[in-house]
Amino acid sequence: MAVSTKPGPGGGSSGSESSWAPLALPVFRALWIAQFVSNVGTWMQTVGAQWLLLGHGATLVTLVQTASSLPVVLLALPSGVLADRFDRRRLLVVAQLAMCAVATVLAVLAFAGTLSPGPLLALTFLLGCGTALMGPAWQAIQPELVARSQLAEASALGAVNMNLARAIGPAVGGVLVAAAGAGWTFAFNAVSFLGIVIVLVLWKRPPAEPVPAAERERFLTALYAARRYVRNAPGVRRVLLRTALFIPGAAAVWSLLPLVAGRSLGLGSGGYGLLLAAVGVGAVSGAFLLPRMRRLLGANGTLVAGAAVFAVVLAVLATVHVTWVVALALLPAGLAWIGVLSTLSAATQTRLPGWVRARGLAVYLLVFQGGQALAAPLWGGLAQWLGLSTALLIAALLLLLAAASVPRWPLYDATRIDPTPSDHWPTPPLVYEPGPADGPVLVSVVYRVAAADRAAFTAAMADVARSRRRTGALTWGLYEDGNEPGRFIENYLVASWAEHLAQHHTRLTETDRRFETTARALVLPGTEPEVTHAFDVTANARDAVA
């Protein structure tokens, strides 16, 4: 039976405030359930892997998280390029099947009794590579599944999914490790990937608009375009900053909780699973509160509250050695985690246009997972050097500093950003047809502005400059004619004709249109901006000689 992706009347937004509204959409619901089963398997395997390493020292235990997260640091951007250049559904299917194969090898080695720390961490790293490959594509298909107005709810449901799995998977994994051995957790994880494959294969995904061959980006060009876009998108950069300030301190919970369970509380694998379950229960129950939290606190208030709550939880873990008190303290940690992550993820998705969405999300995942990967061994080393309690208190202090920094560096107002594509530039009128690789191309636009509007015009053109650079400009400048005051010349250089055509047809957004409209409203009445396109003849001459 095929799975439909129709969002329903009004583009999928019912106008409901419910956090669960996206689950009414069949394909989102089917993928959510399949992802939940897969996440349960992942958490079961994490418990099995960490428990196998518990007798080998704190650093090796925390390296399980590093092995899972480090591939994102290495592969996030290439994965984002692949997700923007190729069919995202096929990419997800390949990643799931590859992860299934790696988990199967883990299970076979565990059953054979030959799974030592080295192969365990190496295979966990390969699983992390699969996660890195699918991460940007998975995030990028969310706007295809739900309306833009429901992205925050969809993101929150993704966090609920992970935390509900955290509530069930570790507990089941702990019991399974104690009863039958870690091999069964790896075996379940291998099978759990197949559900997502089945749903993706059955999904009736509408065919994407084909990108003309002349506008297709090469791999390295696409990588550079992602860096250029993020560098010139203040809203996206601010989300990345907030992520980088929150994640390292919060990662201490996931890195050091096995040590809290084993050393501080004297619990076995089942007890550790129950502590993780407490975090998951808090996150799931917190999903009911998220719409109210967003209305009362706003996005920035949610970030402040989330970091502060996490700091208090870490302080409790450092100073309290009573199991039921620690378990109760972990409940609000789940709420804080889902509140912060859903806020940051939705903020990233709503600020990125489709042409660079997977690459932009890859940068976000790079910061998110990279922060965990780099912080995990740091917390393990500090726990070994200074003691577990001291490491937890240092992490709490970092989170308090992160909370205090929100008023200084808040998320920007999302209402100013509309990533809807806008094909508002006319086709360039040229006397000959350049080839896709011809260039660099110098685009010049002449404006005539009244003397009284000169300051306002130059201020408005600052936003236009970021728009040009985001969408392809290598250099940009605004000049005023020395012989004719009020005659402004905008020059920007684009690497090739294909890049400039992409600006015309696929890269501009409604936000870019608004910036241009604001600037052009200040042009003298009765005049129109004059646009010319010039090609680097010295580069062509060099090519001819070569």
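In this text the structure is predicted, and so the values were computed from the model without any measurement.
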Minimum heavy-atom distance G130-A95, with the two atoms named: O-CB, 3.9 Å
Residues 309-317, side-chain donor-acceptor partners within the protein, below 3.5 Å, at least two apart:
none

For L297, side chain to side chain contact (heavy atoms under 4.5 Å, CB included) partners two or more places apart: T302, A305
N/O donor-acceptor pair under 3.5 Å between R359 side chain and A225 backbone: no
For R466, all residues meeting salt bridge (Lys or Arg N to Asp or Glu O under 4.0 Å), sequence neighbours excluded: D463
CA sep, side-chain torsions, deciding dist, call: R242, T343, side chain to side chain donor-acceptor pair (under 3.5 Å): CA-CA 10 Å; R242 297 273 26 118; T343 299; over 6 Å; no
V406, L399, L241 screened by side-chain contact (heavy atoms from CB on, under 4.5 Å) with F246, the one that passes: L399
Under 3.5 Å donor-acceptor, S345 side chain and S342 backbone: no
side-chain hydrogen bond (donor to acceptor under 3.5 Å, both in side chains) partners of D87, counting only residues at least two apart: R205
For R90, all residues meeting side-chain hydrogen bond (donor to acceptor under 3.5 Å, both in side chains), sequence neighbours excluded: none
Trace of the side chain to side chain contact (heavy atoms under 4.5 Å, CB included) decision for L92 with V197: CA-CA 8 Å; L92 289 169; V197 172; over 6 Å; no
Residue pairs fulfilling ring pair (Phe, Tyr, Trp, His ring centres under 6.0 Å) with at least one residue in residues 91-120, sequence neighbours excluded: F111-W184
side-chain hydrogen bond (donor to acceptor under 3.5 Å, both in side chains) contacts touching residues 306-331 (sequence neighbours left out): S264-H321
Donor-acceptor under 3.5 Å (R351 side chain, A347 main chain): yes
Side chain to side chain contact (heavy atoms under 4.5 Å, CB included) partners of V230, counting only residues at least two apart: V236, R237, L240, V363
Residue list, side chain to side chain contact (heavy atoms under 4.5 Å, CB included) with I33, at least two apart or on another chain: R29
Any F188 side-chain heavy atom under 4.5 Å of Q45 side chain: no
L344 backbone acceptor or donor facing T348 side chain under 3.5 Å: yes
Side-chain (N189) to main-chain (T185) donor-acceptor, under 3.5 angstrom: no
Those residues that, when tested against F125, pass ring pair (Phe, Tyr, Trp, His ring centres under 6.0 Å) (two or more places apart): none
With sequence neighbours excluded, residues passing salt bridge (Lys or Arg N to Asp or Glu O under 4.0 Å) with R357: none
Side chain to side chain contact (heavy atoms under 4.5 Å, CB included) between D84 and W355, intermediate numbers included: CA-CA 7 Å; D84 276 334; W355 72 271; over 6 Å; no
Close side-chain approach of S192 to M44, heavy-atom, < 4.5 Å: no
S38 side chain to A34 backbone, donor-acceptor under 3.5 Å: no
Note, L275 side chain near L267 side chain (heavy atom, < 4.5 Å): yes
Audit row: W337, W254, ring pair (Phe, Tyr, Trp, His ring centres under 6.0 Å) steps and yes/no: CA-CA 11 Å; W337 182 257; W254 318 123; 5.1 Å; yes
Side chain to side chain contact (heavy atoms under 4.5 Å, CB included) partners of A308, counting only residues at least two apart: none
